[in-house]
Amino acid sequence: MCNENSEVYFDYECSKRMVEKLTREFSFLEIDVVGRTCLGRAIFSLSVGNRRNCVLLAGGFHGSEWLTCLALFRFAKRLCSSIETKSLLCSVDVSRAFKELGVVIIPCVNPDGVEIAVHGPAGARSARSFVESLGCPDYKKWNANAMGVDINHNFNAGWEVLRQMEEEQGIKGPAPRQFGGFRAESESETKALTRLCRLTPFRQAMAVHSQGEELYWQYGDETPEQAYMMAKILADSCSYRLVENAGLASHGGFKDWFISEFFRPAFTLEIGKGENPLPVCDLDSIYSQIEETFTIFTLM
């Protein structure tokens, strides 16, 4: 289940075992539970370095995008290994850099959604009947949480505008994807992430999604002046293209909220190409392309 180099999937049990393994391997790695889903599953964070001068990396917002979780777990391990052995990571002495800097990694914001995408309605536990009532034709493509709310539509950044756009497209209630909830910041997962950001002075944040090999970097007039240059450097490092918000991706996302709330840079990285869920066999090639991007982002 947890062998990320084999043709298998990722799920909550796998996530817990990865967390436990990293804890045993690296005594300096801090593990926290930043919140729990409505079904009680933990939302883990992995912290390295100086929490007073750190950045945030978060993935697994959408159930079908569980490959992002594996990519972030791999980066956490690579970073910790380089710090412990004082070896270079992407030609950077991270053991020295992380005496002053820090990073918080949340591999999976939406563990309930991942469970449903991997295991079908059984992954919803007590909410199984509700999930089944939403009539998802292919649970592998499930993106929402167990309440049928798309977490990346639930942040309080132009949420009212997004809700109107959803209704115009016939999305009027809980659904496998693209329903932003009945009010902004209504979901346990959203609250966990916003609470963490309000308590921790992150310099910048990155949400990791799939797919498209794209980088989003702006949100209206609140976009910081330095964000474009930072985005250009990040996109060049992995040969991804810079894109602007459009359609239902225009509001309500974590990146949008972080920018509008703190007036600091935030990015959405869409890893890989193809159709979600991306296969595990794509992980090595995707990760090799984005490790430098993750490393640069933590140092900016």
Side-chain angles (χ1 to χ4, degrees), residues 4-5 10 18-19 21-22 25-31 45-60 65 67-108 202-217 226-243 255 264-273 278 280-300:
E4 62 185 56
N5 293 314
F10 170 89
M18 286 181 167
V19 168
K21 189 172 187 293
L22 288 171
E25 289 182 2
F26 307 107
S27 60
F28 56 87
L29 178 66
E30 295 182 21
I31 306 294
S45 70
L46 319 174
S47 304
V48 180
N50 184 1
R51 283 289 291 263
R52 296 184 299 276
N53 186 19
C54 63
V55 301
L56 175 67
L57 275 164
E65 298 178 10
L67 201 75
T68 63
C69 309
L70 288 173
L72 287 172
F73 269 117
R74 182 175 289 193
F75 178 65
K77 182 172 182 177
R78 290 271 296 155
L79 177 63
C80 288
S81 295
S82 296
I83 291 173
E84 185 170 69
T85 61
K86 293 182 170 54
S87 57
L88 300 183
L89 180 65
C90 300
S91 303
V92 175
D93 183 355
V94 289
S95 63
R96 181 176 181 180
F98 273 77
K99 291 179 181 178
E100 300 294 331
L101 304 177
V103 60
V104 176
I105 300 172
I106 301 180
C108 189
F202 294 116
R203 299 194 313 275
Q204 63 249 5
M206 177 180 286
V208 185
H209 288 257
S210 64
Q211 47 73 35
E213 296 190 351
E214 299 171 334
L215 181 72
Y216 294 80
W217 59 278
Q226 71 270 34
Y228 173 74
M229 185 56 67
M230 294 172 70
K232 185 76 166 56
I233 292 168
L234 292 169
D236 286 349
S237 70
C238 56
S239 300
Y240 282 15
R241 67 187 185 100
L242 290 179
V243 291
K255 165 190 68 68
R264 298 177 199 150
F267 310 92
T268 297
L269 188 72
E270 296 276 359
I271 68 171
K273 276 192 172 180
L278 298 177
V280 175
C281 61
D282 285 0
L283 179 62
D284 287 347
S285 61
I286 290 172
Y287 184 79
S288 66
Q289 199 171 357
I290 61 174
E291 182 177 77
E292 184 177 39
T293 308
F294 286 165
T295 304
I296 291 171
F297 174 77
T298 65
L299 301 174
M300 281 179 155

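- Of all the heavy atoms in A227 and F267, the pair that sits closest is O-CE2, 3.8 Å.
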| query | Does the side-chain contact (heavy atoms from CB on, under 4.5 Å) test come out yes or no for V103 and F98, once each step is laid out? | reply | CA-CA 9 Å; V103 60; F98 273 77; 3.7 Å; yes
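- The side-chain heavy atoms of Q289 and E213, taken from C-beta on, include a pair separated by under 4.5 Å.
- When atom types are taken as modelled, the side chain of E30 and the backbone of S45 share no donor-acceptor pair closer than 3.5 angstrom.
- Atom-to-atom distance recorded for E291:CD and I296:CD1 is 11.0 Å, nearest 0.5 angstrom.
- With sequence neighbours left out, the side chain to side chain donor-acceptor pair (under 3.5 Å) criterion links S27 to no other residue.
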| task | Start with the C-alpha distance between T68 and S210, add both sets of side-chain angles, then the distance that settles side chain to side chain donor-acceptor pair (under 3.5 Å), and finish with yes or no. | result | CA-CA 7 Å; T68 63; S210 64; over 6 Å; no
| query | Stepwise, does the side-chain contact (heavy atoms from CB on, under 4.5 Å) test hold for K77 with K21? | reply | CA-CA 10 Å; K77 182 172 182 177; K21 189 172 187 293; 3.5 Å; yes
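- Under a 3.5 Å cut-off, the side chain of N50 and the backbone N or O of E100 do form a donor-acceptor pair.
- One distance of note links CG of L215 with CZ of R241; it measures 11.0 Å at 0.5 Å rounding.
- Side chains of V92 and L88 form no contact here, defined as non-hydrogen atoms less than 4.5 Å apart.
- Residues N53 and R203 share a closest heavy-atom pair of O-NH1, 2.8 Å.
- Counting only distance, with no hydrogens or angles, the side chain of Q211 and the backbone of K273 share no donor-acceptor pair below 3.5 Å.
- F73 places a side-chain heavy atom less than 4.5 Å from the side chain of V19.
- Contact detail for Y240 and E214: the closest heavy-atom pair is CD2-N, 3.5 Å.
- Between I271 and E65, the closest side-chain pair of non-hydrogen atoms is not below 4.5 Å.
- Other residues, nucleotides and ligands contribute only 12 or fewer heavy atoms inside 6.0 Å of the OH atom of Y228.
- Rounded to the nearest 0.5 Å, atoms CG (L56) and OG1 (T298) are 12.5 Å apart.
- When the shell of 6.0 Å around CZ of R51 is examined, it contains more than 12 heavy atoms from other residues, nucleotides or ligands.
- The minimum heavy-atom distance linking S237 with T293 is given by the pair OG-OG1, 2.7 Å.
- Looking only at side-chain heavy atoms (C-beta outward), F202 and C54 come within less than 4.5 Å of each other.
- Looking at heavy atoms from C-beta onward, R78 lies in side-chain contact with Y287 at the 4.5 angstrom threshold.
- The shortest heavy-atom contact between L72 and P107 is CD1-CA, 4.0 Å.
- Side chains of L46 and V104 form no contact here, defined as non-hydrogen atoms less than 4.5 Å apart.
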| task | Test side-chain contact (heavy atoms from CB on, under 4.5 Å) on I31 and L29 and set out the steps. | result | CA-CA 6 Å; I31 306 294; L29 178 66; 3.8 Å; yes
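- When all heavy atoms of S81 and S87 are compared, the pair lying nearest together is O-OG, 4.3 Å.
- The structure places CZ of F294 at 6.0 Å from CG of L57, a figure rounded to the nearest 0.5 Å.
- By the 4.5 Å heavy-atom criterion applied to side chains, E292 and C238 are not counted as neighbours.
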| request: Kindly indicate, with the supporting measurements, whether the criterion side-chain contact (heavy atoms from CB on, under 4.5 Å) is fulfilled by M230 and W217. | output: CA-CA 9 Å; M230 294 172 70; W217 59 278; over 6 Å; no
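- Considering CG of L101 and CE of M300, their distance stands at 12.5 Å, rounded to 0.5 Å.
- Here the straight-line distance linking atom CG of L22 with atom CZ of F26 works out to 6.5 Å at 0.5 Å rounding.
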